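As the structure is a prediction and not an experimental result, all values here were calculated from the model.
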Amino acid sequence: MSLLEQIHSPSDLRRFNDRELQLLADEIREFMIGAVSKVGGHLAPSLGVVELTLALHSVLNSPEDKIIWDVGHQCYAHKIITGRAAEFHTVRQYGGLSGFPNKHESEHDIVGTGHSSTSISYGVGIQEAIRLAAAQAELAGIDATLAGGSEPGSEEAGEEKTGGHVACVIGDGALTGGIAYEAMNQAGHLKTPLIVILNDNEMSIKPNVGAISQYLHKLRLDPTLFKLREEFEHGIEKIPGIRGASRSIKESMKAFLVPGMLFEELGFAYIGIIDGHDIKALRKSIRAAMEIERPVLIHIKTTKGKGYEPAEARPDTFHGIAPFTVSTGKAIKRPGPITYTEAFGQGLARMAESDDRIVAITAAMSSGTGLYHFERKFPDRFFDVGIAEEHAVAFAAGLAIGGFKPVVAIYSTFLQRAFDMLVQDVAMQELPVVFALDRAGLVGDDGPSHHGVFDLGYLSLVPGLIVMAPRDEAELQNMVYTALQLGKPAAIRYPRAAGGGVSLPEDFEALPVGKAEVIDRGEGALLLGIGSGVGICRRAARLLVEQHGLRPTVVNARFLKPIDEGLIRELASQHELVVTVEESTARGGFGAAVQGLFAEEASVSVKSFAIPDYFVPHGNRNKLLRDIGLNPEAVSAYVGERLLKKKIVPAERKKVSGEDN
């Protein structure tokens, strides 16, 4: 029996010594690589923290002790040793395990993470809750004693004492996000007994950027720093005039002589740098941190993709990889049309060739947003700000004030983090910033934390913001071109999907703002689609023709703001039924905007097909769309039933079927 087969819960790890745990790490890597090669997933981040995972779970007592994984894409080993090994082949699959921690999946998943830089905030809150609960329990015990009850601490005095350690695992990439420092600032102020493990692999998805990254790089380059620090701590008291001096003088001298004081100045005890693949050293450091009555940061150095040569060589590729061949590391690719992401990246780079005022900004997502085309051609006009969406938007505002045309390429779900900056710093100032929202709609395997389903709702709230969504990859390029000509803020949202295989424009075309496009003219039903909803409408229309002989009118809305009110009102008056289709939430989206046009007109009925009001799980995108009734079959079934019930059928069909007898 293998070591892995003997693991059913984290407590089983305590039977193993350091050497056996190291052997177990090798088994877990082999198991993980085999499973992910078939279904895809976040392989490189998880390979890099196998030893850390085993060290944490063999020293701490989960779930009484809480382990919080920042972002959570490095949690595969954690899932495997917390009773989910038998199901691991289903990770990120429809109906299977989530690719991120999920509190509904296991008691060992403390929070359902997915976005970056939040783990320390969670940790501080949990530890302060433990402290408050303990204080309240003690007070309740004292009150019971004064009332003639049991002694404090006895079982009759109330609930058992709440306790436990909290460990937050955060990557150096996540430290480019400001919320991490906000949390550290409070933890240091409160002296919260929290363990923060800085998993330093010099990567987020791609190599990290910024001054913080350079600071950590300096620490990594000199392995003598920690030894020097220890020697300095012991020797400082021997310096004449320092013994008995104030703490501030000592700390000032330490800061001058020993790099690595940033975390100390934030109130954290600093332990590091530790080899993140040395289980013995990791366990020793974690045990030491558990004894310290204030926040502790353990700085470990790991290799992203550890143990699998292709992932070590190309950690950005294997950050999130499709199914691949284990022997070669090559992804198993299916031929198909260009993706929306590629169309955006290629188009923007072409536009920048003739306009040197165009600049591109991303938040650690140059590959994921397609901006690597721009980055290669125009490195001086490309800015990766790290995982700092709020800064990205305000930074773009500054560039716009300076006369440039910033394009902020960001995932829909991540722009949520910068909503205030979008309103206050861009829209309110009427600045010409273009927002390119990739991954709009359901993203599939990554699940609810990454579905971009709220953007139309929150973007529609912003005065003066032009909001559009293309029906195909060619229209996307024309929308980007249009947005760059407007001289005002604009947002374009598009899905994580292959395009329709249409030809891309040789010469870009500026679209008339606020004007929709009639694709097919018919009768009976008016199908209004926006973005990917247009494709659903067109396929639904074909089904209606094939199955019922019905030919509806199909419209590509193009714009949510300003909406083409004139055309929609005109067409609605000519049809019995109005249907809207969008891959966005029903609340506040395109359908809601159309319904608002006819709020006081009872004669016009509007049916909206959209994302329902709950968090859609992970899985194959087409299966998810089917489950929520956002597919051509659902639309055609609804329209067919309603129109046939009203006997609204074309004249040709009436003659053939004899329905007018």
Side-chain contact, heavy-atom cut-off 4.5 Å: [X] with [Y]?
X	Y	value
Leu484	Val407	yes
Tyr614	Ile628	yes
Arg417	Ser116	yes
Phe100	Trp69	no
Ile519	Arg538	yes
Leu544	Leu643	no
Leu624	Tyr94	yes
Val49	Tyr76	no

Spacing of [atom1] belonging to [X] relative to [atom2] belonging to [Y], to within rounding of 0.5 Å:
X	Y	atom1	atom2	result
Ile492	Thr482	CD1	OG1	7.5 Å
Met468	Leu476	CE	CG	10.0 Å
Leu577	Leu550	CG	CG	11.0 Å
Ile563	Leu597	CD1	CG	5.0 Å
Phe590	Thr585	CZ	OG1	14.0 Å
Ile68	Cys75	CD1	SG	13.5 Å

Lys NZ or Arg CZ of Lys515 over Phe559 ring: under 6.0 Å, within 45°:
no

Over-ring placement of Arg569 relative to Phe598, 6.0 Å and 45° cut-offs:
yes

State whether the number of non-hydrogen atoms from other residues, nucleotides or ligands found under 6.0 Å of Lys488 atom NZ is greater than 12.
no

Determine whether more than 12 heavy atoms belonging to other residues, nucleotides or ligands lie under 6.0 Å from atom CD of Glu430.
no

Starting from the C-alpha separation in whole Å, work towards a yes-or-no answer on side-chain hydrogen bond (donor to acceptor under 3.5 Å, both in side chains) for Gln93 and Asn620.
CA-CA 7 Å; Gln93 302 304 293; Asn620 176 274; over 6 Å; no

How about [X] and [Y]: does a side-chain donor come under 3.5 Å of a side-chain acceptor?
X	Y	value
Asp472	Tyr340	no
Ser98	His618	no
Glu473	Gln477	no
His115	Thr413	yes
Asp384	Ser366	no
His78	Asp109	yes
Ser46	His73	no
Asp455	Ser412	yes

For the residue pair Thr580 and Gly591, what are the closest heavy atoms and their distance?
OG1-CA, 3.3 Å

Grab the two heavy atoms, one from Val385 and one from Ala363, that are nearest each other, plus how far apart they are.
CG2-CA, 4.1 Å

Measure the acute angle between the ring planes of His319 and His42, then classify it against the limits of 30° and 60° as parallel, tilted or perpendicular.
perpendicular

Candidate pair Glu475 and Arg558, rule salt bridge (charged side-chain N to carboxylate O under 4.0 Å, His left out), full reasoning
CA-CA 9 Å; Glu475 190 165 75; Arg558 286 181 171 168; 2.7 Å; yes

Cationic N near anionic O, under 4.0 Å, [X] to [Y]:
X	Y	value
Glu105	Arg84	yes
Glu517	Arg471	yes
Glu583	Arg621	yes
Arg496	Asp438	no

Phe414 vs His450, test: ring-ring contact (aromatic ring centres under 6.0 Å, His included). Steps then yes/no.
CA-CA 8 Å; Phe414 296 145; His450 284 59; 5.5 Å; yes

Thr553 side-chain N/O to Gly522 backbone N/O, donor-acceptor pair under 3.5 Å:
yes

Ignoring hydrogens and geometry, is there a side-chain-to-backbone donor-acceptor pair from Gln429 to Ala427 under 3.5 Å?
no

